[in-house]
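Nothing here was measured: the structure is a model prediction, and the numbers come from that model.
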Amino acid sequence: VQLQASGGGLVQAGGSLKLSCVASGKIFSVENMGWYRQVPGKERELVARFFRWTFGDTTEYADSVKGRFTISADNSGHILHTIDLQMNLLKPEDTAVYYCAATLWTREDSGKSDYWGQGTLVTVSS
């Protein structure tokens, strides 16, 4: 299983960026995909997650990004495999390495596991 992240870069405070992540490989089903971020000396923290359930989709956001970030998913198939994170009104404190992650099953009879993509740096200048 591979998680390929793209996007990120340098932006001024108040600006916008979009991150994208695509999951590929041997995937039976995906419970959720999301974004985490980490700055040096701090623990990795959740930014946003997208859940695809049999009854519908739900999202989860860190309080610090609510109202500014929006996570969305590709609706071309039932199995979740592509997510985007639209980041608006960026603040210098949003500067971090952002990681894509997924919780998924590789087989029908396997337990679910967590997978991580490579980080992408987001820098917000003041």
Side-chain angles (χ1 to χ4, degrees):
V1 175
Q2 296 83 39
L3 299 179
Q4 183 64 49
S6 61
L10 173 64
V11 65
Q12 288 188 328
S16 299
L17 282 174
K18 188 171 82 169
L19 305 180
S20 296
C21 180
V22 179
S24 62
K26 188 177 180 181
I27 299 172
F28 172 75
S29 184
V30 179
E31 178 189 88
N32 71 82
M33 291 182 68
W35 292 96
Y36 293 74
R37 65 187 182 188
Q38 189 170 25
V39 297
K42 290 191 174 182
E43 292 187 355
R44 193 171 296 185
E45 64 174 6
L46 172 69
V47 176
R49 284 195 296 182
F50 191 105
F51 291 81
R52 176 151 290 167
W53 310 103
T54 54
F55 58 81
D57 298 334
T58 60
T59 57
E60 176 185 11
Y61 293 93
D63 288 342
S64 60
V65 306
K66 284 180 180 177
R68 301 187 297 121
F69 291 12
T70 302
I71 190 168
S72 61
D74 183 346
N75 287 319
S76 63
H78 177 69
I79 296 178
L80 184 62
H81 59 85
T82 303
I83 57 169
D84 292 326
L85 183 68
Q86 179 65 44
M87 304 184 291
N88 298 329
L89 299 174
L90 283 160
K91 304 175 181 180
E93 50 263 44
D94 294 318
T95 296
V97 177
Y98 284 69
Y99 296 90
C100 176
T103 300
L104 56 86
W105 294 262
T106 57
R107 302 193 315 268
E108 184 174 8
D109 59 349
S110 69
K112 58 183 178 181
S113 299
D114 296 329
Y115 293 84
W116 294 86
Q118 84 282 6
T120 184
L121 179 62
V122 171
T123 304
V124 184
S125 62
S126 57

Not counting sequence neighbours, which residues clear salt bridge (charged side-chain N to carboxylate O under 4.0 Å, His left out) with [X]? List them please.
X   : result
E60 : R49
K91 : none
K26 : none
R37 : E45, D94

If you group Ile, Leu, Val, Met, Phe, Trp and Tyr by side-chain heavy-atom gaps below 4.5 Å, do [X] and [Y] land in one group?
X    : Y   : answer
W105 : V1  : no
L104 : I79 : yes
V65  : Y99 : no

Working to the nearest 0.5 Å, report the span between [atom1] of [X] and [atom2] of [Y].
X   : Y   : atom1 : atom2 : value
C21 : Q2  : SG    : CD    : 11.0 Å
L90 : T95 : CG    : OG1   : 8.5 Å
D74 : I83 : CG    : CD1   : 11.5 Å
M87 : K18 : CE    : NZ    : 11.0 Å
N32 : T59 : CG    : OG1   : 11.5 Å
S29 : L80 : OG    : CG    : 9.0 Å

Quick one, W53 and E31 - any side-chain contact, counting heavy atoms below 4.5 Å?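 The answer is yes, as the side chains (C-beta and beyond) meet within the 4.5 Å cut-off.
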Any donor-acceptor pair under 3.5 Å linking the side chain of [X] with the backbone of [Y]?
X    : Y   : value
T120 : G7  : yes
S20  : D84 : no
Y61  : I71 : yes
Q118 : A5  : yes

Restricting to non-hydrogen atoms, name the atom on [X] and the atom on [Y] that form the minimum distance, rounded to 0.1 Å.
X    : Y    : result
L3   : A23  : CD2-CB, 3.4 Å
G119 : V97  : CA-CG1, 3.6 Å
A13  : S126 : CB-CA, 4.3 Å
L89  : S16  : N-OG, 4.4 Å

Partner of F69 by side chain to side chain contact (heavy atoms under 4.5 Å, CB included), out of L17, N88, V47, L19: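 Filter result, single survivor: V47.
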With side chain to side chain contact (heavy atoms under 4.5 Å, CB included) as the criterion, how do T106 and F28 come out once you've worked through the C-alpha distance, each side chain's angles and the decisive distance to 0.1 Å? CA-CA 5 Å; T106 57; F28 172 75; 5.8 Å; no
Ring pair (Phe, Tyr, Trp, His ring centres under 6.0 Å) partners of Y115, counting only residues at least two apart: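 If we apply the ring pair (Phe, Tyr, Trp, His ring centres under 6.0 Å) test to Y115, skipping adjacent residues, there are no hits.
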What verdict does the side chain to side chain contact (heavy atoms under 4.5 Å, CB included) test give for W35 and C100, after you've listed the backbone C-alpha separation in whole Å, the side-chain angles of each residue and the deciding distance to 0.1 Å? CA-CA 5 Å; W35 292 96; C100 176; 3.8 Å; yes
For V39, what are the other residues in its hydrophobic cluster, where any two members join if their side-chain heavy atoms are less than 4.5 angstrom apart?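 V39 clusters with nothing; isolated.
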